[in-house]
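It should be emphasised that the depicted structure is a prediction, and the values quoted were computed from it without experimental measurement.
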Amino acid sequence: MRAIARHMNNIALLVAALWCAACSDPAPGYGNDPRGTISIAHLKTLCTAESFTITRDIYITGHVAANDLYGEYDRTIVICDASGGIEIAVNSRRTAELFPIAARVTVHCTSLALGDYGGRIMLGAAPTGEYSVDRIAEGDIQRYFRTDTASAEAVIPVAAGLGEINPSLVGSLLQIDGVTFGSEAGLAWCDTDPITGDHVDTSRTVTDRNGRTLAIRTIARCDYRDEKIPAGYGTMRGILEYFNGEYSLRIANHQILFPSDGGK
């Protein structure tokens with residue numbers, strides 16, 4: 001009888017171990033109570049309100065796709081993994097130094113917050129005011145981030161035509177081929193305020209050969225704000241953004257790839 005009892009106890013322990021192992025690996029469609037390292041796509045699914053503070057012991061790991069190297073992102077970085085990308089609000093104007101392009105970054109998400117900004121999910125500090133997330137204080141960077149430049153790996157852009165853009169690509173680094181700025185060629189990337197003369201955030205529009213369009217956003221702080229928009233057809237690389245039903249592309253790392261002959 002004792003042998004039988006020991007045998008039954010061993011079976012119970014084995015079943016419990018298998019059950020726990022299954023619980024640690026989210027089921028297809030993602031588990032409701034994740035722990036440990038999860039994908040960026042999984043992390044985004046946890047944002048079920050305008051603002052959601054993370055209380056679970058969760059990490060994400062990815063490589064830096066965008067920072068303020070060319071002034072393109074103000075106090076924000078973008079990291080990507082195989083599942084997608086996410087913007088992270090960081091209260092520092094030296095993100096190119098702290099989070100170099102291609103560096104491997106691990107983010108400890110516990111006590112951070114996810115915010116839904118017009119349909120775009122961002123990661124930042126728990127909100128204290130009107131915004132869905134605050135910026136993570138520069139003094140807290142060592143608390144939440146581990147940056148590994150020895151494991152740097154350039155983020156490979158997702159090739160997507162204008163007809164293939166969809167919500168799953170928001171936050172990802174995209175490569176869009178065969179587009180033109182048409183009559184906007186020759187304009188500066190950023191307009192200036194007619195009264196103050198200050199540069200302003202500006203949207204231009206690219207069009208593919210089928211007539212589909214996409215807004216290209218450039219912020220006033222970017223280093224190439226006075227450069228001229230190229231003519232002809234070429235390639236744009238940037239982070240796909242979304243706000244209240246509208247997609248746009250934010251140029252990343254000044255990757256405006258147009259042939260010198262205008263790509264005719």
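Under the 3.5 Å distance criterion, with hydrogens and angles disregarded, a donor-acceptor pair is assigned to the side chains of Asp226 and His199. Side-chain N/O atoms of Tyr144 and Ser111 include a donor and acceptor closer than 3.5 Å. Side-chain atoms of Thr207 and Thr180 form no donor-acceptor pair, as typed in the model, at a separation below 3.5 Å. Remark: the His254 side chain and the Glu227 side chain contain an N/O donor-acceptor pair separated by less than 3.5 Å. Of the N and O atoms on the side chains of Asp81 and Ser39, not one donor lies less than 3.5 Å from an acceptor on the other residue.
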| query | Please walk me through it: do Thr205 and Leu214 pass side-chain contact (heavy atoms from CB on, under 4.5 Å)? | reply | CA-CA 6 Å; Thr205 302; Leu214 180 68; over 6 Å; no
| task | Begin from the C-alpha positions of Glu87 and Arg120 and carry the test salt bridge (charged side-chain N to carboxylate O under 4.0 Å, His left out) through to its verdict. | result | CA-CA 9 Å; Glu87 294 180 43; Arg120 185 168 91 245; 2.7 Å; yes
| request: Go through the steps to decide whether Ser51 and Leu114 satisfy the test side-chain contact (heavy atoms from CB on, under 4.5 Å), and finish with yes or no. | output: CA-CA 6 Å; Ser51 183; Leu114 292 162; over 6 Å; no
| said: Would Asp201 and Arg221 count as a salt bridge (charged side-chain N to carboxylate O under 4.0 Å, His left out) here? Give the steps. | reply: CA-CA 8 Å; Asp201 298 350; Arg221 294 176 55 88; over 6 Å; no
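Contact check for Glu138 versus Arg94: side-chain heavy atoms found under the 4.5 Å cut-off. No side-chain heavy atom of Leu187 sits less than 4.5 Å from a side-chain heavy atom of Phe181. Here the side chains of Ile219 and Thr202 are not in contact, with every heavy-atom distance at 4.5 Å or above. Annotation: side chain of His108 is not in contact with side chain of Ile58 (no heavy-atom distance under 4.5 Å).
Remark: Ile156 CD1 is loosely packed, at most 12 non-hydrogen atoms of other residues, nucleotides or ligands lying under 6.0 Å away.
In this structure a side-chain-to-backbone donor-acceptor pair under 3.5 Å is missing from Arg204 to Glu184. In this structure a side-chain-to-backbone donor-acceptor pair under 3.5 Å is present from Lys44 to Gly85. When atom types are taken as modelled, the side chain of Ser203 and the backbone of Arg217 share no donor-acceptor pair closer than 3.5 angstrom. Between the Asp68 side chain and the Thr95 main chain, a donor and an acceptor come within less than 3.5 Å of each other. Between the side chain of Asp193 and the main chain of Ile195, a donor-acceptor pair closer than 3.5 Å is present. Judged by distance alone, the side chain of Arg143 and the main-chain N or O of Gly139 form no donor-acceptor pair under 3.5 Å. For Asp116 (side chain) and Ala49 (main-chain N/O), no donor-acceptor pair under 3.5 Å exists by modelled atom type. His63 places no side-chain N or O within donor-acceptor distance of the main-chain N or O of Cys80, the cut-off being under 3.5 Å. A distance-only check finds a donor-acceptor pair linking the side chain of Asp208 to the backbone of Gly211 [under 3.5 Å].
Members clustered with Val155: Tyr73, Val78, Leu173, Ile239, by chain and number, using a 4.5 Å side-chain heavy-atom cutoff among hydrophobic residues. Taking Ile, Leu, Val, Met, Phe, Trp and Tyr as members and joining any whose side-chain heavy atoms lie under 4.5 Å apart, directly or through other members, the hydrophobic cluster of Met122 also contains Tyr117, Phe243.
Interatomic distance, Ser83 OG to Ile40 CD1, rounded to the nearest 0.5 Å: 5.5 Å. Between atom OG of residue Ser92 and atom CD1 of residue Ile141 there is a gap of 5.0 Å, rounded to the nearest 0.5 Å. Residue Asp148 holds its CG atom at 8.0 Å from OG1 of Thr106, rounded to the nearest 0.5 Å. Interatomic distance, OH of Tyr59 versus OG1 of Thr37, reported as 7.5 Å (0.5 Å rounding). For the atom pair OG1 (Thr61) and CD1 (Ile79), the distance works out to 7.5 Å, reported to the nearest 0.5 Å. Here the straight-line distance linking atom CG of Asp198 with atom CG of Asp191 works out to 13.0 Å at 0.5 Å rounding.
Under the 4.5 Å side-chain heavy-atom criterion for Ile, Leu, Val, Met, Phe, Trp and Tyr, Ile60 and Leu46 are members of the same hydrophobic cluster. Leu69 and Val105 fall within the same hydrophobic cluster, defined by Ile, Leu, Val, Met, Phe, Trp and Tyr side-chain heavy atoms under 4.5 Å apart, directly or through other members. Tyr131 and Leu112 are members of different hydrophobic clusters when ILVMFWY side chains are connected at heavy-atom separations under 4.5 Å. A continuous path of Ile, Leu, Val, Met, Phe, Trp and Tyr side chains, each step under 4.5 Å between heavy atoms, connects Phe258 with Tyr70, placing both in one hydrophobic cluster. Under the 4.5 Å side-chain heavy-atom criterion for grouping Ile, Leu, Val, Met, Phe, Trp and Tyr, Ile165 is connected to Val170 within one hydrophobic cluster.
In this structure Arg225 satisfies the salt bridge (Lys or Arg N to Asp or Glu O under 4.0 Å) test with no other residue, sequence neighbours excluded.
Shown are Leu249, Thr235, Leu240; of these, the side chain to side chain contact (heavy atoms under 4.5 Å, CB included) with Ile176 is made only by Leu249. Under the side chain to side chain contact (heavy atoms under 4.5 Å, CB included) rule, Met236 has a single partner from Ile251, Asp177, Leu257, Leu174, which is Ile251. Shown are Val90, Ile77, Val133, Ile86; of these, the side chain to side chain contact (heavy atoms under 4.5 Å, CB included) with Leu123 is made only by Ile86.
Nearest heavy-atom pair, Arg135 versus Thr76, reported as atom, atom and distance to 0.1 Å: NH1-OG1, 3.4 Å. Nearest heavy-atom pair across Ala65 and Asn253 is O-ND2, 3.1 Å. Nearest heavy atoms, Gly115 versus Ser132: CA-OG, 3.6 Å. Summarising the geometry of Thr110 relative to Asp57, their closest heavy-atom pair is OG1-CA, 3.3 Å, with the distance given to 0.1 Å. Closest approach of Arg75 to Asn91, counting heavy atoms only: CD-OD1, 3.4 Å. Closest non-hydrogen pair, Glu164 versus Leu169, comes out as O-CD1, 3.8 Å.
Under a 4.0 Å N-O distance rule, the pair Glu72/Arg250 does not qualify as a salt bridge.
Ring orientation note: the planes of Tyr224 and Trp189 are nearly perpendicular, at an angle over 60° on the 30°/60° scale.
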